[in-house]
> 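Structure incoming, see below.
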There are 2 protein chains.
Amino acid sequence: MNTRAEPASLHQRILSDISEKILSGVWAPGHRIPFEHELTAEYNCSRMTVNKALSQLAKAGLIERRRRSGSFVRQPHSQAAILEIHDIRTEVEATGLPYHFERVSRLKRRSSAEDRELLGLDAAGAVLAVECRHFAGKRPFCQEKRLINLSAVPEAEDEEFLEISPNPWLVGHVPWNAAEHRIRAMAADEDVASALDITAGSPCLVVERRTWNAERPVTQVRFIYAAESHELVARFAPSQG
Amino acid sequence: MNTRAEPASLHQRILSDISEKILSGVWAPGHRIPFEHELTAEYNCSRMTVNKALSQLAKAGLIERRRRSGSFVRQPHSQAAILEIHDIRTEVEATGLPYHFERVSRLKRRSSAEDRELLGLDAAGAVLAVECRHFAGKRPFCQEKRLINLSAVPEAEDEEFLEISPNPWLVGHVPWNAAEHRIRAMAADEDVASALDITAGSPCLVVERRTWNAERPVTQVRFIYAAESHELVARFAPSQG
DNA sequence: GTCGAAATTATGTATATACATATTAAGACG
DNA sequence: CGTCTTAATATGTATATACATAATTTCGAC
């Protein structure tokens with residue numbers, strides 16, 4: 001009945017056994033799962049091993065542990081979902097169409113007030129503004145307008161972004177430890193409409209991303225998709241560890 | 001010297017000490033963090049305690065552990081972000097405007113093929129179709145079109161959704177353990193345009209959610225917002241355990 | 001020098017044990 | 001009957017120990 005690959009270690013097996021019972025609904029929310037000493041007997045192992053599995057399930061939010069009372073399957077209260085952010089190349093290739101991109105423009109300049117606003121920069125400094133178009137087959141898939149903070153990423157000044165698009169280049173060259181995405185709908189203005197080969201005023205999906213490294217803004221980018229060509233998927237899936 | 005709130009347990013303190021060094025950028029990606037035996041000496045504790053902290057950091061994706069070589073700060077490759085899904089009441093009240101909603105229609109029917117498609121139902125069965133409008137002040141904020149699978153939630157048949165809107169009611173009455181959100185842009189059709197008091201064809205943000213309980217579809221709902229009135233925010237934040 | 005065996009090293013997993021702590025149940029007492 | 005104390009119980013944390021495993025390095029045979 002269980003055709004999955006069995007996890008190598010015992011505590012992982014215990015964890016996955018239990019989480020499967022919960023996720024399949026065999027143990028409904030509120031159900032008391034066996035005590036540590038019962039699982040210890042069932043799996044013929046030490047309490048530490050069982051404890052490791054249960055602690056991880058608790059940290060993942062699947063169960064709640066109460067001293068003296070035992071562990072219980074939690075109500076999945078979560079209002080947070082995991083949003084998969086894919087590389088554009090990956091997104092395009094998932095449709096089966098060949099991917100390519102075009103660097104439309106690249107301009108180094110002292111940061112304007114608007115640039116600093118978009119990047120979240122306090123001080124003045126040089127920025128690099130890059131615009132690209134990404135294609136699925138022959139049709140434009142996405143317009144990219146990007147600002148790169150040159151005081152955080154001076155190496156970008158030597159990159160033309162003709163062979164490699166900004167995102168893969170940045171991922172390879174600059175570490176970052178925080179990112180924020182804002183997602184909204186927008187009517188295409190003339191600029192977007194001509195870039196995406198759609199009529200002005202038609203609906204677009206806008207994904208704006210800002211990334212930081214050690215509190216310092218690295219880059220700000222706005223991806224604009226024609227409404228028909230893209231959707232985002234976010235899942236709430238109780239984590240498995 | 002450490003003015004933060006001290007975590008209660010030793011392994012948590014080790015974990016938070018290290019993750020702070022990483023997130024603040026003191027230890028950059030690629031940096032080798034001290035060996036377990038070095039941390040053992042530094043914190044004057046057993047290897048198991050250090051191991052617990054490091055294992056959790058590894059599982060959270062902050063570090064990578066390599067046998068014989070040690071543990072290293074990982075490149076934050078993650079392309080997954082946490083999307084906050086708020087209740088509409090919360091969203092509206094965050095703008096400072098008073099919230100209210102209006103139940104437009106409520107209809108019980110045998111599921112059509114389209115209903116089953118939307119809900120992800122295999123078999124036929126009764127569904128409840130509910131339509132609402134949510135307001136921010138006097139202006140329409142969001143249109144909600146929902147299907148409820150009555151074979152999974154029979155109690156819904158006795159609820160009129162006049163006093164309480166479907167989402168809070170469902171959260172209080174039905175457990176669920178999986179959810180999927182699809183986010184896209186759309187042009188308002190006549191129906192949406194009149195519901196939101198905008199002109200047909202103007203851009204809208206669509207959030208479609210489906211939830212399951214123990215593999216069984218519970219409800220499918222489509223929230224439609226005028227482009228100006230709403231945006232979604234997703235963050236990538238390295239988890240702290 | 002090159003190849004391959006053996007030692008070294010850091011992590012991965014598991015055990016038995018100990019004591020702490022939160023929570024509930026049972027009992028004593030006014 | 002209610003309250004206070006005490007015991008019982010499940011989890012929380014930590015230790016010392018042991019052996020397994022993966023990845024290097026060392027070093028000897030050729």
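To find a chain, count down the sequence lines: A is the first, B the second, and so on, and within it residues start at 1.
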> NA contact type, B:S71, heavy-atom cut-off 4.0 Å: base, sugar-phosphate, or nothing?
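Answer is sugar-phosphate: B:S71 comes under 4.0 Å of backbone atoms only.
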
> Can you measure B:L10 atom CG to C:dA20 atom P for me and round it to whole angstrom units?
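To the nearest whole Å, that distance equals 16 Å.
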
> Would you mind reading off the distance between B:R67 atom CZ and C:dT8 atom C1', rounded to a whole angstrom?
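Distance check: B:R67 CZ to C:dT8 C1' gives 15 Å.
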
> Quickly work out the A:R66 CZ to C:dT23 P distance and round it to whole Å.
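Rounded to whole Å, this separation is 10 Å.
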
> Atom CD1 of B:I63 to atom C1' of C:dA10: distance rounded to whole Å?
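From B:I63 CD1 to C:dA10 C1': 13 Å.
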
> Of the options A:L39, A:I33, A:I18, which is the one that meets A:S71 in a side chain to side chain contact (heavy atoms under 4.5 Å, CB included)?
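Result for side chain to side chain contact (heavy atoms under 4.5 Å, CB included) with A:S71: A:I33.
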
> State which residues pass side-chain contact (heavy atoms from CB on, under 4.5 Å) with A:A126; sequence neighbours excluded, sorted by chain then number.
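For A:A126 the side-chain contact (heavy atoms from CB on, under 4.5 Å) partners, ignoring immediate neighbours, are A:K108, A:L150.
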
> Please determine, for the side chain of B:R68, which listed nucleotide (C:dT8, C:dA10, C:dT11) has the closest atom?
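For the B:R68 side chain, the nearest candidate turns out to be C:dT8.
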
> In terms of side-chain geometry, is the basic nitrogen of A:E160 or A:R103 positioned less than 4.0 Å from the acidic oxygen of its partner?
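A salt bridge is present here (some side-chain N lies under 4.0 Å from a carboxylate O).
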
> Only counting residues at least two apart or in another chain, list the ones meeting side-chain contact (heavy atoms from CB on, under 4.5 Å) with B:F72.
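side-chain contact (heavy atoms from CB on, under 4.5 Å) list for B:F72, sorted by chain: B:R32, B:R66, B:S69.
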
> Below 4.0 Å from chain A heavy atoms, what is the first contacting nucleotide of DNA chain D and what is the last?
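Listing 5' to 3', DNA chain D meets chain A from D:dA8 to D:dA14.
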
> Can you sort out the partners of B:H31 under ring-ring contact (aromatic ring centres under 6.0 Å, His included), two or more places apart, ordered by chain and number?
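ring-ring contact (aromatic ring centres under 6.0 Å, His included) list for B:H31, sorted by chain: B:W27.
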
> Less than 4.5 Å apart, any side-chain heavy atom of A:L232 and any of B:L83?
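Result no, sub-4.5 Å side-chain heavy-atom pair not found.
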
> Who pairs with B:R67 by side-chain contact (heavy atoms from CB on, under 4.5 Å), at least two apart in sequence or on another chain?
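For B:R67, no residue satisfies side-chain contact (heavy atoms from CB on, under 4.5 Å) once neighbours in sequence are set aside.
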
> Do any of residues 44-54 of chain A sit with a heavy atom less than 4.0 Å from DNA chain C, and if so which?
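Listed by number, they are A:C45, A:S46, A:R47, A:M48, A:T49.
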
> Please report the distance, rounded to the nearest Å, between CZ in B:F35 and P in C:dT8.
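So the CZ-P distance, B:F35 to C:dT8, works out to 17 Å.
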
> Go through it in stages, so that I can follow the logic: the residues are A:N167 and A:S165, the test is side-chain hydrogen bond (donor to acceptor under 3.5 Å, both in side chains), and I'd like the CA-CA distance, side-chain angles, deciding distance and then a yes or no.
CA-CA 6 Å; A:N167 201 49; A:S165 71; over 6 Å; no

